[in-house]
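The sequence lines fix the lettering, A, B, ..., with proteins before strands; numbering per chain opens at 1.
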Amino acid sequence: MVRPASIRSEKPQIGVVVGSHSGDQLRASTRVEIAHSQAPDEPLVSQALQGSREAFGLLVVRYSRSVRAVLVARLGACDDLDDLVQECFLRAYRGLSRLRTPERFGAYLHRIARNLAVDWLRRGPRGTVPLEDAPVVLDAPVEGLVDIREERLARVRRVVGRLPLALREAVMMFYFDRLSHGQIAAFLGITEGAVNQRLHRARVALRSALDGGGEEGS
Amino acid sequence: MSEHRDLRDALAPLAGDPVADAGRVLAALPELQPAAVRPARPMRLVAAAAGVALVVGAGVGWWLGRALPPAAPTAGWPSPTKETPGGRDPRNYGFEFFGFGTVQVVEPGTPPQELQNRWGLAYGSVLRTGKSHAGLLLRDDVQVRLDIGTHAEVVAPRSLVLQTGQIWLAARDAPQLVVVKTPSGLVDVERAVAMIEVRDGRVRVTCLQGQVRVRPRGAAAQRLAVGEQVAVDAGGQQVESCRPEFLDGISSWMTEMIVEQVDTRERDQRAARMVEAYLDGRFRKEARRELFRLGPAAVPALAGALRDHPELPPELARETARMVCSMATTRTKRPLFELLYSADPEVRVLVARRIGEVTDVPYPGGVEFWRGASDPKVRQSAVLEWWGRVR
């Protein structure tokens, strides 16, 4: 099939990582939208209310890691995590019309995720994996250092798992999604200063535990 | 090694894949009543009635559900065939091509053509990149990147021929191995990432992730672990075996493509690794060069490192601040503002000057104000005031 030169258009907007042939239509269709993910939530929420699945898909892409962070902070690496993330967004979709302040969609999702976690815990723990047993994938492990590194990361997760919930949640959001302090503050409904303080306290706790081996006996 | 990196590495495996999450959510949406998302008071009353009815009995609830008004039509996802350039669905016939510049492509049965954007191509296509780069997406999310001066053929979903040039091949989740044929033999990539280079009759293979098998012509096969590199001559004889010290350095030719990708994860991860290497010092020169290649995309990671490492030696901190300033644009001004909280007056002055340049909104007190702003409270109120003017 020969394409005339005139069909050639602007420089490519899409990289090879995002696409998929696996039948997942979202990967084929949200890539362009993801490029504009700096857009505010409000218009996306209104479009979703008008029936736009694309807009809601973009909101899912934007917030799924934050929701996951809230769930992991409360439940650890449980088997049902994917289902819970999905249920969180479905609940959000069902209740979207009741959202009075669309610009606070993040905080709205946070409440739903929190309630979901509480419901899940009420039903009794099933298939929960402590943080330290979660799988590790290193970017570029160096032979011989892998065991040491894995051991250290397991210790880090153990320390994070023992942090107070508020600190754990902030840490998860920051390191899952590389969100700014302002974005985390908006999602959690707290001030940027509080986020900063929580992250600082978490790092201090981590440093103290790792340097002094404090987490071993606790 | 900083707790910053420890936390990132320790928690990253739990972060999930937002695109996959969205796929699952959207797949479940059609089962919902779209009308439920439309604000309408009567609907809420009906829903409440339906809730009560559920308590009374499933039969009544079912009846109330039937009584709801029909669902309003919703906009569906564009069909894959409409999305695919040329109106062809790559799932049925071929693979996706992304040109980063003009690439000569010969599809089976067609004359050569020059492509420079996204297309669906048939298997059997031969590509010559010339002075451009190209990306390919094959079945099972196998990704291939082609360096400049590469001549390659995509024979089948799991079979490529590399005549000359260099490719990066990632088959992380492919259920079967992908075979690359070179003039010196075959390279098997299964659930792994590899770099393969053919120059002057010599083939060089580097394993970047997983395990890669090299099968030189007329010689025994060899397995490469992560970080290992082997070179084989045209006769299949191994001429070199080493372990590159700075593994990211050999993939620097891909940076342009990584920066242009819509999915920013790889770019951000690369920036974070380069910042680590830069601060570590062993490969500072190489990391610095790579950070400049990443350009504005590296600004948040670099500025974050400055913010999170107040213990850095002043010279290194200022050099880092100079890098941040030289790369920052108006779109990356936020990390610059965070650096105004720095305790180092030189860093503050550098940053204040750059913010004035990129935003065209200088601080009313002038750049020199920041040199003397030793009180953190004064700095904070000045930062907030300035941020309010430019945001």
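Shown here are the salt bridge (Lys or Arg N to Asp or Glu O under 4.0 Å) partners of B:Glu338, two or more places apart in sequence or in another chain: B:Arg307. With sequence neighbours excluded, the residues forming a salt bridge (Lys or Arg N to Asp or Glu O under 4.0 Å) with A:Arg68 are A:Asp82, B:Asp21, listed by chain and number.
Proximity to chain B is limited to the side chain of A:Phe174, based on heavy atoms less than 4.5 angstrom apart. In this structure, the portion of B:Asp308 lying under 4.5 Å from any heavy atom of chain A is its side chain and not its backbone. For A:Val67, no part lies near chain B; criterion is any non-hydrogen pair under 4.5 Å.
With B:Glu266 as the fixed residue, the salt bridge (Lys or Arg N to Asp or Glu O under 4.0 Å) test singles out one of B:Arg145, B:Arg273, B:Arg172: B:Arg145.
In this model, a donor atom of one side chain and an acceptor atom of the other lie less than 3.5 Å apart for B:Ser251 and B:Arg270.
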